[in-house]
Amino acid sequence: PRAMSTIDLKIEFSGGLELLFGNQRTHALSLPAVVPLQVVDAGNGTPAPTSTSGTASTPGAGVKSTDVTYMIHHLRTHLLKERPELFVDGDTVRPGILVLINDTDWELEGEGAYELKNGDEIVFISTLHGG
């Protein structure tokens, strides 16, 4: 039996987002390298939509490489302490949150479809202030 490999990530929140995550700016996160295609949303039990791009690299039936969309769901389910509507909007981050993958705007990396690699640094910066 092959061991499930994991990906170690460094997550950072700033611009006020850290307040939603127990006022902790930096988090070390370990995720499985491969996840089921249908991620069940802990909120209401319905499967979360998954990105359809990158099917060529799918390791096997019913699974996909762990991507940013999965990581966002994981953060919301396991680390977020309050007011999820300030962090997520559907299956992505809400407008006004800048996401950097290894210091590069995630829009250049494919956004939620970006397949995470061991050692990646993901930074979430809120550009919205006030309340």
Side-chain angles (χ1 to χ4, degrees):
R2 66 188 186 96
M4 274 300 286
S5 53
T6 57
I7 305 170
D8 292 317
L9 306 168
K10 183 183 171 198
I11 313 292
E12 192 173 313
F13 301 101
S14 63
L17 278 176
E18 66 274 9
L19 299 174
L20 304 179
F21 291 88
N23 212 6
Q24 184 179 338
R25 287 178 64 105
T26 309
H27 298 257
L29 194 61
S30 189
L31 292 177
V34 175
V35 294
L37 274 175
Q38 293 293 342
V39 180
V40 176
D41 188 339
N44 54 14
T46 58
T50 55
S51 53
T52 52
S53 62
T55 46
S57 64
T58 304
V63 296
K64 64 174 182 176
S65 297
T66 301
D67 57 17
V68 171
T69 298
Y70 175 87
M71 181 194 67
I72 290 169
H73 274 278
H74 181 90
L75 291 173
R76 188 183 119 184
T77 308
H78 298 283
L79 286 179
L80 190 66
K81 301 281 192 270
E82 55 189 303
R83 298 181 72 180
E85 72 279 2
L86 295 183
F87 179 60
V88 290
D89 179 13
D91 65 341
T92 188
V93 291
R94 65 171 284 179
I97 293 178
L98 183 65
V99 183
L100 299 178
I101 300 172
N102 302 321
D103 296 325
T104 303
D105 188 328
W106 78 324
E107 290 180 9
L108 304 174
E109 298 284 4
E111 300 193 6
Y114 172 82
E115 293 180 356
L116 294 161
K117 299 171 189 58
N118 200 48
D120 278 355
E121 286 191 25
I122 319 292
V123 181
F124 296 89
I125 304 167
S126 175
T127 60
L128 303 171
H129 297 283

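Keep in mind the model is a prediction, meaning the values are calculated, not measured. By convention here, the first residue in the shown sequence is residue 1. All values below were derived from every heavy atom in this structure, side-chain atoms included, with hydrogens, water molecules and symmetry-related copies excluded.
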Gap separating the CD1 atom of Ile101 from the OH atom of Tyr114, nearest 0.5 angstrom: 5.5 Å
Minimum heavy-atom distance between Asp8 and Ser30, given as atom pair plus value: OD1-OG, 3.0 Å
So do the side chains of Lys117 and Ile7 get within less than 4.5 Å of each other, counting heavy atoms only? no
Output the distance between atom NZ (Lys10) and atom CD (Glu121), rounded to the nearest 0.5 Å. 4.5 Å
Ile72-Leu19 co-clustered via ILVMFWY side chain contacts under 4.5 Å: no
Please find the pair of heavy atoms, one from Lys64 and one from Pro36, that lie closest to each other, and give the distance. CE-O, 4.3 Å
Quick one: are Trp106 and Thr92 in side-chain contact, heavy atoms under 4.5 Å? yes
Please tell me if the side chains of Phe124 and Val99 come closer than 4.5 Å, counting only heavy atoms from C-beta onward. yes
Can you run down the salt bridge (Lys or Arg N to Asp or Glu O under 4.0 Å) pairs that involve residues 98-108, sequence neighbours left out, and say none if there aren't any? none
Donor-acceptor pair, distance only, cut-off 3.5 Å: does the side chain of Glu109 make one with the backbone of Glu111? no
Taking side chain as C-beta onward, heavy atoms only, is Phe13 less than 4.5 Å from Leu75? yes
Is any side-chain heavy atom of Ile11 closer than 4.5 Å to one of Met71? yes
Give me the other members of the hydrophobic cluster that Val123 sits in, counting Ile, Leu, Val, Met, Phe, Trp and Tyr linked by side-chain heavy atoms under 4.5 Å, directly or via other members. Leu98, Leu100, Ile125
Identify the two heavy atoms, one from Leu17 and one from Ser126, that lie closest to each other, and give their separation to 0.1 Å. CG-CB, 3.7 Å
Does the Thr26 side chain pair with the main chain of Glu12, one donor and one acceptor, at a distance under 3.5 Å? no
The reported gap from CG in Leu29 to CD1 in Ile122 (rounded to nearest 0.5 angstrom) is 9.5 Å
Contacts of type side-chain contact (heavy atoms from CB on, under 4.5 Å), residue Arg94, not counting sequence neighbours: Leu86, Asp89, Ile97, Leu128
For Arg76 and Gly90, work out which heavy atoms get closest and say how close. NH1-O, 4.2 Å
